[in-house]
Amino acid sequence: MSKVILITGASSGLGEQIATYLACKGYQVYGTSRSIESQTKPFKTLNMDVCDSMSIQNALERILKESGRLDVLINNAGLGIAAPLEYLPIDEFQRVMDTNLMGSLRTIQAVLPTMRKQQKGYIINISSIAAEAGLPFRGGYSASKSALDRLTETLRLELTTYGVQVCSIQPGGVKTDINKNRVKAKLADDNIYKQDFDRTYQMIDESVDQGISADVFGPLVGSIIESPSVKRIYRVGKPLEKLSVLLKRILPESTYERMIRNHYKL
Ligand SMILES: NC(=O)c1ccc[n+]([C@@H]2O[C@H](COP(=O)([O-])OP(=O)(O)OC[C@H]3O[C@@H](n4cnc5c(N)ncnc54)[C@H](OP(=O)(O)O)[C@@H]3O)[C@@H](O)[C@H]2O)c1
């Protein structure tokens, strides 16, 4: 029997690529987002807002009614945010946390009773390499993804005996619509951070525009959901992005921070 898969944020980017790949491999895929067009996708679509518990419940009920089970949850819905922390708009930060962190947790809580009953399931949280470090002007985003990785760690410990496997995928820059959808601080021209922020923001945009293709994530997820033993983290990115995580671990703190400040000319 082919696995039944729920993926959040499947209207574009990584989510759409993963859902398309898995559907083409014969899995029963339900791709969801706040506004997803059914006609154009090769997988089943459902409207679901991860910030709204009722909407999650409705989507899940529909899947269980149609398919009778749920084998895989991919928490992919997410938003970027960039601002100097001094000027990070709290309401916007709450929206990002509500989507990236609480949205994932809401969906996990909704699917777990089914997966525990089945004694089998996979939960894949789409995190980010940015979870590994507090990068300049991306503190809000890094915090949301670091917190998501902590949930992954805890869930692995809590769920092993119930047959549910949990992991994080940490992408580096990937060419998607994330630049377009990112929440960006509006700084006045005379704001002290303005120059540094604008320059760094351009680098953030470039890391996505020159990022890897989203195509690699479908095969990766495909291999994870057929694996009897899932790793905690799958890091996917350019060699330099992955190296930065290693350097943070092995270099003296002051050397690492100087390296990052030099990189961003701060
Ligand atoms: N691109 C990168 O460089 C990169 C790097 C590391 C990690 N990531 C992570 O990868 C994931 C996918 O991002 P992407 O790059 O593919 O960006 P994207 O193209 O902007 O896709 C984001 C998806 O999330 C959905 N979404 C946003 N808010 C939602 C909500 N409240 N409820 C349900 N769906 C919601 C959007 O659909 P609707 O607007 O239709 O709801 C869209 O389908 C995110 O978690 C992101 O943080 C991306």
Side-chain angles (χ1 to χ4, degrees), residues 6-21 29-38 40-41 43 45-60 73-82 92 94-107 110 124-133 135 138 140-149 151-152 168-184 203-218 220-221 233-238 241-242 244-245:
L6 163 60
I7 173 157
T8 68
S11 61
S12 64
L14 259 77
E16 182 177 17
Q17 287 289 337
I18 295 168
T20 302
Y21 176 87
V29 180
Y30 289 85
T32 66
S33 88
R34 290 167 300 182
S35 55
I36 187 157
E37 290 162 27
S38 54
T40 54
K41 312 286 186 206
F43 47 86
T45 57
L46 288 173
N47 282 329
M48 180 180 127
D49 181 347
V50 297
C51 298
D52 175 353
S53 301
M54 192 52 78
S55 146
I56 297 171
Q57 213 51 54
N58 289 341
L60 186 64
L73 165 66
I74 303 163
N75 277 314
N76 166 78
L79 280 179
I81 186 163
E92 297 280 36
Q94 277 171 336
R95 184 157 71 92
V96 169
M97 291 298 276
D98 204 28
T99 308
N100 297 3
L101 181 65
M102 262 74 88
S104 301
L105 183 58
R106 274 186 205 99
T107 316
I124 300 174
N125 294 321
I126 305 295
S127 171
S128 169
I129 282 187
E132 294 291 337
L135 296 171
R138 266 184 285 182
Y141 182 68
S142 289
S144 74
K145 295 297 189 178
S146 301
L148 181 60
D149 283 355
L151 296 192
T152 299
S168 285
I169 294 180
Q170 290 186 338
V174 187
K175 257 181 268 173
T176 66
D177 287 346
I178 200 167
N179 283 345
K180 195 178 78 193
N181 299 326
R182 187 182 297 115
V183 181
K184 181 185 180 188
M203 293 171 78
I204 298 171
D205 268 356
E206 280 167 10
S207 77
V208 170
D209 292 338
Q210 296 161 16
I212 61 171
S213 158
D215 290 355
V216 300
F217 292 90
L220 172 63
V221 171
I233 292 178
Y234 297 83
R235 197 165 289 137
V236 185
K238 292 187 170 171
E241 291 170 329
K242 292 200 265 187
S244 70
V245 178

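Whatever order the structure lists ligands and atoms in, that order sets their numbers, starting from 1.
Side chains of Thr152 and Ser168: a donor-acceptor N/O pair is present below 3.5 angstrom, by distance only. When only modelled atom types and interatomic distance are considered, Ser104 and Asn125 share no side-chain donor-acceptor pair under 3.5 Å.
With a 4.0 Å cut-off on non-hydrogen atoms, Ser207 does not touch ligand 1 at all. Proximity of Ala130 to ligand 1, defined as any heavy-atom pair under 4.0 Å, is not found for any part of the residue. Contacts between Met48 and ligand 1, counted as non-hydrogen atom pairs separated by less than 4.0 Å, involve the backbone only. Residue contacts with ligand 1, taken as heavy atom pairs separated by less than 4.0 Å, involve Asp49 via backbone and side-chain atoms alike. Residue contacts with ligand 1, taken as heavy atom pairs separated by less than 4.0 Å, involve Asp177 via backbone and side-chain atoms alike.
Tested against Asn47, the residues Ile36, Asn58, Thr32 include a single side chain to side chain contact (heavy atoms under 4.5 Å, CB included) partner, Ile36.
Relative to atom 4 (C) of ligand 1, the option among Ala77, Gly211, Gly103, Gly172 with the closest non-hydrogen atom is Gly172. Distances from atom 22 (C) of ligand 1 to the heavy atoms of Gly31, Ser11, Gly78, Gly13 put Gly78 nearest. Scanning Val208, Ile178, Thr32 for the heavy atom closest to atom 48 (C) of ligand 1 points to Ile178.
At a threshold of 4.5 Å between non-hydrogen side-chain atoms, the residues Leu6 and Thr107 count as touching. Here the side chains of Asp215 and Gln17 are in contact, with some heavy-atom distance below 4.5 Å.
Regarding atom 27 (C) of ligand 1, its nearest protein heavy-atom neighbour is Arg34 NH2, 3.4 Å. Protein heavy atom nearest atom 15 (O) of ligand 1, with residue, atom name and distance: Thr176 OG1, 2.5 Å. Annotation: atom 16 (O) of ligand 1 to nearest protein heavy atom, Leu14 N, 2.9 Å. In this structure, atom 47 (O) of ligand 1 lies nearest to the protein heavy atom Tyr141 OH, 2.6 Å. Closest to atom 12 (C) of ligand 1, if we only count protein heavy atoms, is Asn76 OD1, 3.2 Å. Nearest protein heavy-atom neighbour of atom 7 (C) of ligand 1: Ser127 O, 3.1 Å. Among protein heavy atoms, atom 19 (O) of ligand 1 sits closest to Ser12 OG, 2.8 Å. Taking atom 20 (O) of ligand 1 as the reference point, the nearest protein heavy-atom neighbour is Asn181 ND2, 2.8 Å.
The distance from the CE atom of Met54 to the CG atom of Asp49 is 13.0 Å, given to the nearest 0.5 Å. A distance of 10.5 Å separates CG in Asp149 from CG in Leu101, rounded to the nearest 0.5 Å. In this structure, the separation between CD1 on Ile18 and CG on Leu220 is 8.0 Å, given to the nearest 0.5 Å. In this structure, CZ on Phe217 lies 10.0 Å from CG on Asn76, to the nearest 0.5 angstrom. Going from atom CD1 of Ile169 over to atom CD1 of Ile126 covers 4.0 Å, rounded to the nearest 0.5 Å. Between atom CE of residue Met102 and atom OG of residue Ser144 there is a gap of 10.0 Å, rounded to the nearest 0.5 Å.
Looking only at distances, a side-chain donor or acceptor of Arg106 sits under 3.5 Å from a matching main-chain atom of Val50. Between the Ser33 side chain and the Gly9 main chain, no donor and acceptor come within less than 3.5 Å of each other.
The closest approach between Glu16 and ligand 1 stays at or above 4.0 Å for every heavy atom of the residue. Under a 4.0 Å heavy-atom criterion, Ile36 is not in contact with ligand 1.
With sequence neighbours left out, Thr8 forms a side chain to side chain donor-acceptor pair (under 3.5 Å) with no residue at all.
Ligand 1 has no nitrogen or oxygen under 3.5 angstrom from a nitrogen or oxygen of Cys51. Inclusion of Pro171 in the set of residues having an N or O under 3.5 Å from an N or O of ligand 1 is not warranted. For the pair Ser35 and ligand 1, the shortest N or O to N or O distance falls below 3.5 Å.
Atoms of ligand 1 lying under 4.0 Å from any heavy atom of Gly173, numbered from 1 in the order shown and given with element: 3 (O). Within ligand 1, counting atoms from 1 as listed, the ones closer than 4.0 Å to a heavy atom of Ile126 are 9 (C), 10 (O), 11 (C), 45 (O). Counting atoms of ligand 1 from 1 in the listed order, those under 4.0 Å from a heavy atom of Ser128 are 6 (C), 7 (C). Close approach of ligand 1 to Ala10 (heavy-atom distance below 4.0 Å) involves ligand atoms 43 (O).
Shortest non-hydrogen contact noted between Val208 and Arg182 is CG2-NH2, 4.0 Å.
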